[in-house]
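Quick note on labels: first sequence line is chain A, next is B, and so on, each numbered from 1. It should be emphasised that the depicted structure is a prediction, and the values quoted were computed from it without experimental measurement.
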Amino acid sequence: MNGTEDLEPQYDPKKVEDRIYKLWEESGFFNPDTLPRKREKTYTIAVPPPNVTGSLHMGHALNATIQDILIRKKRMEGYKTLWLPGTDHAGIATQNVVEKELKKQGTTRYDLGRQAFIARVWEWKEKYGDIILEQFKKLGSSMDWSRTRFTMDPEYQKAVEEAFLHYYRKGWMYRAERVVNWCVRCQTSLSDLELEYKEEKAMLYYIQYPILSRPGEHITVATVRPETMLGDSAVAVNPKDERYRDIVGAEVLLPIQDRPIPVITDEAIDKEFGTGAVKVTPAHDPLDADIGAKNNLPVYKVIDERGKMTALAGPLCEGVKASECRERVVSELKAKNLLVKEESYPHNVSLCYRCGTAIEPQPSMQWFLKMSELGRVALDAVNTGRVTFYPDRWKDVYTHWMGSVRDWNISRQIWWGHRIPLWRCSTCDEAREKPELAARWFLVRHGETEWNKEMRYMGREDIPLNDAGREQARTTAAALKDTGIDIIVSSDLARASETARIIGRELGIDVIENEHFRERHMGEWQGKTTHELKEIHTEEGFTKIRFHYDEAYHGGESWREVEGRVMKGFQDLRQKYQNKNVLIVSHGGTIRMIVKNIRNLHFDVAVRNEPSNGQSIELSIAREQCKNCGNEYVEPIEDVLDTWFSSALWPFATLGWPEHIRDLKEFYPTSVLSTARDIINLWVARMVYSGLEFMDGVPFSDVIIHATILTKDGKRMSKSLGTGIDPMTLIEKYGADATRFGIVWQAMGNQDIHWAEEHVNAGKKFANKVWNAARFVLMNAADPSAFDLSGDILHDAMSDDDKKVLALLEETKKNVGAHIDAYEFGHALHELYEFFWREFCDVYIERSKKARNDAVAVRVLTESLKLLHPFMPFLTEEVWARIPLPGKSMLIVSEWPLPHAR
RNA sequence: GGGCGCAUAGUUUAGUGGUAAAACGCUGCAUUCACAUUGCAGAGUCCGCAGGUUCGAUCCCUGCUGCGCCCACCA
């Protein structure tokens, strides 16, 4: 009975970790359904799904280790444990990553079109999205991989749709035009929680507005954004402000615009700030929007979605960026002697949390989730203790925000994500639930040609597709696969008919050519590039002709003529194929005219909205006409949902809600959620009310808010700053167990960890110590009966050393268990380390070199391995395998050592 | 503007109403012994600053300073 022939003098994690992980996976012990022993109670953790764009950082490693410690202990304690892994599609973040990749290739998502872009993101996800899950495995995470979920899985999409429609039917999901946080780079709105703030050195400008009824007199307002004055609707003062009492109700002249605006009062105005008088710009400031609404002020949108000044801003600034406009306005005011003071004024600017671009508040039509009732139940769940935070002070962060939560802007104007599961009337934009369709109709623009690439006007020139164009056609075909298309009609020009045939081949449908859908006749422009035409006509002239409804390019068709011709063809098809699903393959110009007609768009808007190559547009026909305008064309709404709306469903959508309830019944609610503090409101709060709304119960009872790992000098770890530490590098250098040890060692309950790598090294040494202690015990223990772990071995004849070490072991078992149960992981580990090294190795083993008691040594060793297993699973499992215990199972499913009741 | 957390040896951190610890690092010694990824010994902290409570405070209270974080319609 001697195991030492296998035990090398040093522990080498590289020889152990992958092999042991494989054994665990093959054992089925990660899956609660295939665990040994009869297990009544369940213990569930749904991992906070990392973004598919992410790779493991120290925060993930800490969090995964915490969860693994809990799961492994509970598994050993006989619970039916499920740790459910998965990833988040991370809407804006992922879209941005893929957009960056496209930029490197010299293209944009708009060039690709929506379907092709989404296909690209899926490709990206398939390639990189699971990296982080593989990294979890390297750390030793005992997750049930058979239940891995992704927030864009088909079943998960179902859940999101169900949840949205539930709120919609309840009247809590509504559409409204509001001033929202708009990111001019991402081209989407953002919720209030998706902002970051940065202090910026700004200037506070004091501007005089002349009072109309009192020549020579002014009211002075202070602002950091003088450019927005072009959209001012009023000047506001506090109603209690004596200084302005007699001016309230009067009109002042808005400089530059020379527009009279009223002086009004509002309680929200701070008398102390600036001059106590504020310019009110309802379009570009949330507070001003409120004041504007209360006072029925007109809204002048002077900044557009790209951050450029609109025509309403007037000739001084139209078309220029807001920052440039600021300079122009300031110098104009100076020239007019109306700028009386400039003082430096540091203030916070809000930034997009995904790209860091300054937010431009914009009035915009968006979807909102009503929060009054949901906020109340979420608050209640925490206040009544159904959800408990550890440490409890984090509860305040939650309740503080929940208590004053505003309606959630939930729609995003990006492409990657869950689409809002509603349709709209193509003509009047009225939203409705998906109607029963009499027929589905699609318009597809042909794929790319070489002339497209050269930006050369093709008109009737018969140019074939290039490779990219054929690829686009195939992508489009794939996207149209399940739409049930019956008929394909195509323009008879090669680039369209070729596109149509590729799609037709995929769908098994013949193509009918129809000359109504030919591209616009370009006359003399045909064959010329945009660049050449600008030289001929000047840029301005070119644009004017290009977007003129009645003017034809010399010798060609006007847009009016194109519209007439193509709509004739379209209506003929409608007549002919009443109840058929039809796909029309055509061209940029013709499709724009069909869309203009069906969507009832203004020509100027329609003509500028060119579809990209291969893009398909759905214009289907509803059985039931629009209640609002009586028209029949409908199309799906294009906006997608805030990523966090789908994340909010995580604890139950991952368990099969709403359709598959087997796991849901068994594992919901989950036991504990462990996460970082920065997503308490963004995620935790939303899971709580979603759970209450859809499952009628909180999604977890305990919330662990773990520490944030900072650099040694307390700075944020950031990949871009190069201050980040890659856990994979640590695992490579020290081993996974040492890495876990080093992380947990520092998790002492503070809200920050100032990262110190030396503790990982200490972990490596400790692993070696454990290994060698085992080596020593196994080398010496000659008596097979020493390996019988059944029963109590304490008896009176034992030496004092034996008794002492056994007593200390009992103490350690008690304390380690209690610390883990209280989520004090660092304390638990310190306790174990102290006992094992100082008491067992340095004292007991050293003394046992004189007088041995193998049974005691084996007992302390085996129990220690069990206690250590949640912290250092690989090492302990490997050592366990080397101990010749009769009838043993793997350590991962061995019984957790409980303190003896004495 | 409001709130929260932290401040103890060179470093990362425990800890207690009666003038302090652990790990790593450092110094010295040991070593054919399970482990040099070791053992033993040792040096090193006026417990951020100023007040207060107390017989007595690093620990409780107040203020300040520094670092970090969160929230706010921060014109």
S.K.: Could you tell me which residues satisfy side chain to side chain contact (heavy atoms under 4.5 Å, CB included) with N853(A), sequence neighbours excluded, listed by chain and number?
M.R.: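 With sequence neighbours excluded, N853(A) shows a side chain to side chain contact (heavy atoms under 4.5 Å, CB included) to M798(A), D802(A), Y844(A), A855(A), V856(A), given in chain and number order.
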S.K.: Taking C-beta and beyond as the side chain, do R686(A) and L193(A) meet within less than 4.5 Å on heavy atoms?
M.R.: yes
S.K.: When you compare C6(B) with C49(B), how far apart are their C1' atoms, in angstrom units rounded to a whole number?
M.R.: 16 Å
S.K.: Looking at every heavy atom in both P255(A) and P210(A), which two are closest together, and how far apart are they?
M.R.: CG-CD, 4.2 Å
S.K.: Based on Watson-Crick and G-U pairs with both distances under 3.5 Å, what dot-bracket line describes RNA chain B 5' to 3', crossing pairs as [ ] and inter-strand pairs as |?
M.R.: (((((((..((((.......)))).(((((.......))))).....(((((.......))))))))))))....
S.K.: Give the ring-plane orientation class for Y833(A) versus F741(A), where under 30° counts as parallel, over 60° as perpendicular and anything between as tilted.
M.R.: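 Tilted, since the angle between the ring planes falls between 30° and 60°.
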S.K.: Over 60° means perpendicular and under 30° means parallel, so tell me whether H827(A) and H819(A) are parallel, tilted or perpendicular.
M.R.: parallel
S.K.: C24(B) and G44(B): how far apart are their C1' atoms, nearest whole angstrom?
M.R.: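 After rounding to an integer number of Å, I get 14 Å for this pair.
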S.K.: Rounded off to whole Å, could you give me the CD-to-C1' distance for the Q751(A) and G5(B) pair?
M.R.: 4 Å
S.K.: Considering only atom P, compute the distance from C69(B) to U54(B) and round it to an integer number of Å.
M.R.: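 Those two atoms are separated by 40 Å.
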S.K.: I'd like to know if the side chain of W408(A) and the backbone of K370(A) have a donor-acceptor N/O pair within less than 3.5 Å.
M.R.: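 Checked: no pair found.
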S.K.: How about Y734(A) and E757(A): does a side-chain donor come under 3.5 Å of a side-chain acceptor?
M.R.: yes
S.K.: Among C74(B), C24(B), A34(B), find the nucleotide with the atom closest to the side chain of F776(A).
M.R.: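 When the side chain of F776(A) is considered, A34(B) is the closest of C74(B), C24(B), A34(B).
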S.K.: Heavy-atom contacts under 4.0 Å between residues 674-683 of chain A and RNA chain B, which residues?
M.R.: R677(A)
S.K.: Does a side-chain N or O of K765(A) approach OP1 or OP2 of G25(B) to a distance below 4.0 Å, or not?
M.R.: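 It does, given that an N or O in the side chain of K765(A) lies less than 4.0 Å from OP1 or OP2 of G25(B).
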S.K.: Any side-chain N or O of W837(A) less than 4.0 Å from the OP1 or OP2 oxygen of G39(B)?
M.R.: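 Yes, because at least one side-chain N or O of W837(A) sits under 4.0 Å from OP1 or OP2 of G39(B).
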S.K.: By the salt bridge (charged side-chain N to carboxylate O under 4.0 Å, His left out) test, which pairs, at least two apart or in different chains, include something from residues 270-299 of chain A?
M.R.: D232(A)-K279(A), D266(A)-K294(A)
S.K.: If you assign each of L287(A) and F766(A) to its closest nucleotide in RNA chain B, which residue comes earlier from the 5' end?
M.R.: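 Closer to the 5' end of RNA chain B: F766(A).
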S.K.: Any carboxylate oxygen within less than 4.0 angstrom of a Lys/Arg side-chain nitrogen, looking at R882(A) and E878(A)?
M.R.: yes
S.K.: Would you call the rings of F273(A) and Y345(A) parallel, tilted or perpendicular, where under 30° means parallel and over 60° means perpendicular?
M.R.: perpendicular
S.K.: Sugar-phosphate atoms are those with a prime plus P, OP1 and OP2; base atoms are the rest. Using that split, label each nucleotide of nucleotides 9-16 of chain B B, S or - for protein heavy atoms under 4.0 Å, 5' to 3'.
M.R.: --BBSSS-
S.K.: What I want to find out is whether R852(A) reaches D801(A) closely enough, with some N-O distance under 4.0 Å, to be called a salt bridge.
M.R.: no
S.K.: For atom P, what is the distance between G17(B) and C60(B), given to the nearest Å?
M.R.: 9 Å
S.K.: Classify the nucleic acid contact of Y197(A) as base, sugar-phosphate or nothing, counting any heavy atom under 4.0 Å across all strands shown.
M.R.: base
S.K.: Tell me the closest heavy-atom pair linking T223(A) and R225(A), and the distance in Å.
M.R.: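 Heavy-atom minimum between the residues: OG1-N, 2.9 Å.
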S.K.: Please state whether the base of A34(B) and the side chain of K849(A) form at least one donor-acceptor pair under 3.5 Å?
M.R.: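 Yes.
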S.K.: Please measure how far the P atom in A7(B) lies from the corresponding atom in C59(B), and state the result in whole Å.
M.R.: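 To the nearest whole Å, 12 Å.
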S.K.: Just compare U37(B), C74(B), C67(B) and give me whichever is closest to any side-chain atom of K764(A).
M.R.: U37(B)
S.K.: Between R740(A) and F871(A), is NZ or CZ placed under 6.0 angstrom from the six-membered ring centre and within 45° of the ring axis?
M.R.: no
S.K.: Of all of residues 261-272 of chain A, which get a heavy atom below 4.0 angstrom from RNA chain B, listed by number?
M.R.: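 I269(A), D270(A), in order of number.
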S.K.: Below the 4.0 Å mark, does A23(B) have OP1 or OP2 next to a side-chain nitrogen or oxygen of R838(A)?
M.R.: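 True: R838(A) side-chain N/O within range (under 4.0 Å) of A23(B) OP1/OP2.
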S.K.: Is the shortest distance from a Lys or Arg side-chain nitrogen in K849(A) or E846(A) to a carboxylate oxygen in the other one below 4.0 Å?
M.R.: yes
S.K.: Work out how far the P atom of U11(B) is from that of C55(B), and round it to whole angstrom.
M.R.: 37 Å
